[in-house]
Amino acid sequence: MTLEQQLKQATVAIFKEQFGADITPDTVTINITKKEHEGDYTIVVFPLIKFSKQGPEQTAEALGNALKEKTGFIGSYNVIKGFLNLSLTDGYWLNRLQDISDNAQFGQLPLQTEKVVLEYCGPNTNKPLHIGHVRNMLLGFSMSEILKAAGYPVTKVNIYNDRGIAICQSMVAYRHFANGATPQSSGIKGDHFVGDWYVKFNQVAKEQMAELQNAPEDKDEAKKLTPIFKEAQETLLKWEAGDAETIALWEQMNAWVYEGFQQTFDMIGVDFQKDYYESQTYKMGKEIVDEGLQKGVFYQRKDGAIAVDLTADGLDEKVLLRPDGTSIYITQDLATAELRHEEFNMDKMIYVVANEQDYHFKVLKLALQKLGKEWAKGIYHLSYGLVESPTGRFKSREGKTADADDLIAEVLRIAEERTKELGKIEGFTEAQAQELYKTIGMGALKYLILRVNPYKKMIFNPEESIDFQGQTGPFIQYTHARIRAIMRKVGENTALTIPTGINLVDVERELLKQINEFENVVRSSAANYDPSEVANYVYTLAKTYNKFYHDVSVLNAENVKEKELRVALSNQTGLTIKKAMKLLGMDVPERM
RNA sequence: GGCCCGGUAGCUCAGCUGGAUAGAGCAAUAGCCUUCUAAGCUAUGGGUCAGGGGUUCGAAUCCCUUCCGGGUCACCA
């Protein structure tokens with residue numbers, strides 16, 4: 001039972017005994033005491049005075065006194081207006097440190113039975129990854145780590161949008177202009193290579209648009225009249241007909257893309273247990289739509305299209321299948337969801353997809369529920385905001401500023417530059433130095449993105465170089481390296497003992513309180529699908545440690561017991577930072 | 001236009017299931033390395049929590065409304 005629960009239950013009992021009032025635990029609000037007041041936890045008594053039938057101060061006084069008697073771990077309390085501030089005994093806190101230190105699994109919550117499938121990334125195969133994918137991947141990976149820490153078995157899956165008109169456009173441009181070039185022969189990473197042909201296609205289409213006679217005003221309409229666009233459409237038809245030559249080129253180009261993507265995945269440190277391909281699922285879905293038709297939850301329109309009426313749910317009527325029986329986006333997603341349920345029998349399915357698709361996922365979930373799929377209630381759309389530049393949305397035409405690989409290269413370059421400036425790599429081999437740049441650079445990038453609440457859009461300015469000071473990944477990593485330096489001096493194999501019967505100074509107690517919150521944070525960020533809670537927590541923990549580090553000496557503590565305590569606190573802080581950073585997909589260095 | 005989401009310090013963000021005097025970082029200014037790593041610590045300045053109304057003992061937080069920004073309303077994905 002958590003401390004909070006203990007305090008709530010004790011308060012409930014006290015209200016019964018002293019005031020004869022039946023209150024429920026959730027009428028008791030408990031906060032962490034604000035810094036400017038003395039105490040560890042605060043009970044807000046205003047909501048309780050109608051049960052005690054006394055003023056706020058008398059109620060708080062009576063409750064404080066009774067809690068102190070009853071629990072045995074409250075050392076003192078004070079009352080300010082309607083706030084009862086409780087200070088726990090040092091003995092209580094030392095016991096907590098002992099318990100946490102004894103538990104190598106601290107931060108790992110009890111196993112849950114609900115199985116989770118988590119889809120993230122979802123790239124198109126006609127162009128390289130950009131900053132939006134980076135946010136997606138960081139959120140997806142981090143969320144999977146957090147859910148695992150919260151006890152859920154998680155299966156990570158990816159979906160590749162590997163077919164359609166876009167990839168055909170790359171293929172057409174390649175066929176015309178590449179002269180058989182390959183990523184190898186041109187020295188260009190595979191996904192960029194294919195993306196370059198996509199760009200080429202659009203250039204040519206634009207030129208051809210200029211030559212059109214009586215071109216329509218609408219640019220999209222005009223584009224469709226260009227010879228090269230028509231060729232792309234023919235290519236798509238050939239692909240759908242299974243034309244061998246077309247399929248071969250398509251496979252070749254996608255293979256290049258996957259090779260390129262894999263390098264980026266490795267660099268970022270994300271992985272998937274299973275890959276899905278739109279080319280394999282796009283024809284599925286007719287069955288599931290028929291099922292809905294038979295059950296009478298979907299209906300056939302006069303033109304033959306099958307649709308679902310969601311007006312009762314505040315949405316619209318939505319087409320699910322074309323009149324010719326071919327799938328559209330939603331059809332595939334219905335089928336893929338069903339397929340995943342058959343494969344994994346999951347209780348929850350999380351989709352990490354940008355908030356542009358909020359409406360789509362509402363429809364998807366409702367349609368599946370109308371089909372009577374019980375498991376569909378476990379669908380959760382982890383909707384995240386777009387990454388924008390200070391002037392607005394990143395457009396692919398705005399150059400390469402939003403390209404994932406460029407972004408990574410840039411942050412690694414800064415990491416190297418900063419590290420060398422600070423002279424931090426004495427005694428490092430070249431390989432160790434490179435590893436450090438990667439750890440720090442990726443730490444900076446990942447933290448920058450993950451510290452923002454997912455559902456909010458975030459502003460990223462490519463003109464300003466990424467920070468390495470203040471609330472950043474490197475700050476937290478640095479704190480870890482400082483702790484590790486102390487632990488090396490203590491000696492790696494030295495058994496740590498946690499003293500009893502000593503008084504804690506404020507920084508020590510504050511640090512311990514922070515460490516003690518870790519599991520609450522894991523629980524909360526999992527429940528809210530929000531890695532930024534972990535990101536903000538670990539920053540606060542590191543900040544608190546740096547104050548501790550500055551204010552007191554660990555190795556030259558006043559006496560043996562103090563030293564034991566501070567070593568144990570340092571060690572546990574280091575472990576907790578490492579665990580929290582792992583939940584965010586970040587490494588933490590031994591030195592920096 | 002209908003629906004959805006956002007608006008907190010110059011900038012980037014916390015805080016939002018109502019609780020004390022709204023917090024961090026960056027940027028600015030001023031200090032701290034004969035002592036465990038200064039990617040650190042400390043201090044100062046900086047706010048009409050978009051505007052207005054309401055509910056409440058108490059509102060950045062909940063409700064209504066106006067303004068501003070974004071998304072979506074495809075037989076695209």
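Below, read A as the first sequence line, B as the second, and so on, with proteins coming before strands; counting in each chain starts at 1.
Going from the C1' atom of B:U17 to that of B:U12 covers 27 Å, rounded to whole Å. B:G18 and B:C63 have their C1' atoms separated by 13 Å, with the value rounded to a whole Å. Rounded to whole Å, the separation between the C1' atoms of B:C16 and B:U61 comes to 4 Å. The gap from the C1' atom of B:G70 to that of B:G10 amounts to 23 Å, rounded to the nearest Å. As rounded to the nearest Å, B:C73 and B:G47 have P atoms that lie 42 Å from one another. B:U42 and B:G25 are spaced 8 Å apart, taking the P atom of each and rounding to whole Å. One P atom belongs to B:G1, the other to B:U8, and the distance between them is 24 Å to the nearest Å. To the nearest whole angstrom, the two P atoms, one in B:A22 and one in B:U35, are 41 Å apart.
Look at A:K286 and A:D290 and you find a salt bridge, because one of the NZ, NE, NH1 or NH2 atoms lies within 4.0 Å of a carboxylate O, short of that distance. A:K438 and A:E435 are not joined by a salt bridge, as no carboxylate oxygen comes within less than 4.0 angstrom of a charged side-chain nitrogen.
Among A:Y380, A:Y384, A:Y351, A:Y120, the single residue meeting the ring-ring contact (aromatic ring centres under 6.0 Å, His included) criterion with A:Y529 is A:Y380.
Here B:C33 is in the syn range [glycosidic angle within 90° of 0].
Taking atom CD of A:Q469 as the reference point, atom C1' of B:U37 lies 14 Å away to the nearest angstrom. Going from atom CG of A:L315 over to atom P of B:C3 covers 12 Å, rounded to whole Å. In this structure, A:M586 atom CE and B:A39 atom P are separated by 20 Å, rounded to whole Å. Spacing between atom OH of A:Y545 and atom C1' of B:C36 amounts to 8 Å, rounded to whole angstrom units. The CE-P distance, from A:M592 to B:C36, rounds to 18 Å in whole Å. Note: CD (A:E388) to P (B:G70) measures 9 Å, nearest angstrom. Rounded to an integer number of Å, the gap from A:H381 NE2 to B:C5 P is 14 Å. We find that NE2 of A:H480 is positioned 17 Å from C1' of B:G40, with the value rounded to whole Å.
Using cut-offs of 30° and 60° for the angle between ring planes, the A:F229 and A:F201 rings count as tilted. Note on ring orientation: taking the six-membered ring where Trp is involved, the planes of A:F83 and A:F46 are perpendicular (angle over 60°, cut-offs 30° and 60°).
B:A14 makes up no base pair with any nucleotide shown, lacking Watson-Crick or G-U wobble contacts both under 3.5 Å. B:G1 and B:C73 make up a base pair, with Watson-Crick or G-U wobble contacts both under 3.5 Å. Using N1 to N3 plus N6-O4 or O6-N4 for Watson-Crick, or N1-O2 and O6-N3 for G-U wobble, each under 3.5 Å, B:C67 pairs with B:G7. The partner of B:U44 is B:A28, judged by Watson-Crick or G-U wobble contacts that both fall below 3.5 Å.
Summary of the strand contacts: A:Y539 and A:A485 both lie near RNA chain B, and taking for each the nucleotide with the nearest heavy atom, the more 5' one is attributed to A:Y539.
In this structure, A:Y478 has its ring center no closer than 6.0 Å to that of A:F475. Aromatic pair A:Y282/A:W239: ring centres closer than 6.0 Å. Aromatic pair A:Y258/A:Y160: ring centres closer than 6.0 Å.
Residue A:K424 is in base contact, counting any heavy-atom pair closer than 4.0 Å across all strands shown. Here A:E426 lies out of heavy-atom contact (under 4.0 Å) with every strand. Across all strands shown, A:I440 has heavy atoms under 4.0 Å from base atoms, whether or not it also approaches the sugar-phosphate. A:Y549 comes within 4.0 angstrom of a nucleotide base, judged by non-hydrogen atoms across all strands.
No hydrogens or angles were tested; on distance alone, nothing pairs the side chain of A:T540 with the base of B:A24 as donor and acceptor under 3.5 Å.
A:D530 contributes no side-chain N or O that, together with a main-chain N or O of A:A526, makes up a donor-acceptor pair within less than 3.5 Å. With hydrogens and angles disregarded, no donor-acceptor distance shorter than 3.5 Å links the side chain of A:K457 to the backbone of A:L386.
With sequence neighbours excluded, no residue forms a ring pair (Phe, Tyr, Trp, His ring centres under 6.0 Å) with A:Y549.
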Reading 5' to 3' through nucleotides 11-23 of chain B, protein heavy-atom contacts under 4.0 Å coded B for base, S for sugar-phosphate only, - for none: -BSS-B--BBS--
Heavy-atom protein contacts under 4.0 Å, nucleotides 72-77 of chain B, coded B base, S sugar-phosphate only, - none: SS-BSB
